[in-house]
Amino acid sequence: EVIGLYKDVHAFFRLYYTLYYSFDAAKAEAFFQQKAALLAACQKLANQATKEDVLVLAHLNSLIHSVFDMKGPLFLMKI
């Protein structure tokens, strides 16, 4: 399950990359929705994870926030 979340976080980063090079309002909306879904999945998995998995989930959670925080400069450049 954690590996599946890792793949989803990678897709989230890929969506940011796509938005950076070809901005689209619909993809931007999906970016916001995907962030919420990923954080909810992280929290759900953390409640039932092993100690090792919790560490990986904490790093994934940090990555989600870091990628999402890069949206501000991106949106300012594209608007």
Side-chain angles (χ1 to χ4, degrees):
E1 292 177 8
V2 175
I3 298 297
L5 182 62
Y6 176 80
K7 290 178 182 179
D8 293 340
V9 171
H10 180 267
F12 181 65
F13 183 74
R14 191 74 177 157
L15 179 57
Y16 176 82
Y17 179 84
T18 303
L19 282 169
Y20 185 84
Y21 287 103
S22 86
F23 188 81
D24 178 25
K27 287 182 182 178
E29 180 64 31
F31 182 72
F32 280 86
Q33 292 173 352
Q34 194 171 359
K35 179 218 176 204
L38 287 172
L39 290 176
C42 241
Q43 182 62 40
K44 180 182 172 195
L45 287 174
N47 290 335
Q48 58 193 14
T50 64
K51 185 169 61 170
E52 292 82 13
D53 285 346
V54 167
L55 180 61
V56 173
L57 289 169
H59 288 297
L60 289 176
N61 194 2
S62 178
L63 281 170
I64 294 165
H65 283 290
S66 295
V67 170
F68 190 76
D69 288 345
M70 292 189 297
K71 75 176 177 345
L74 170 68
F75 288 1
L76 285 175
M77 287 182 349
K78 301 297 179 176
I79 292 178

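From a predicted model like this one, the values you see are computed outputs, not experimental measurements. Count residues from 1 along the sequence.
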List, one per line, each side-chain donor-acceptor pair under 3.5 Å for residues 1-16, sequence neighbours excluded.
residue, atom, partner, partner atom, Å
Tyr16, OH, Met70, O, 3.2

Could you go through residues 20-48 and list every donor-acceptor pair under 3.5 Å that involves a side-chain atom there, pairing it with any protein atom two or more places apart or in another chain?
residue, atom, partner, partner atom, Å
Glu29, OE2, Gln33, NE2, 3.3
Gln43, NE2, Asn47, OD1, 3.3
Asn47, ND2, Gln43, O, 3.3

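The side-chain hydrogen bond (donor to acceptor under 3.5 Å, both in side chains) pairs that include a residue from residues 64-76 are Asn61-His65, where partners are two or more places apart or lie in different chains.
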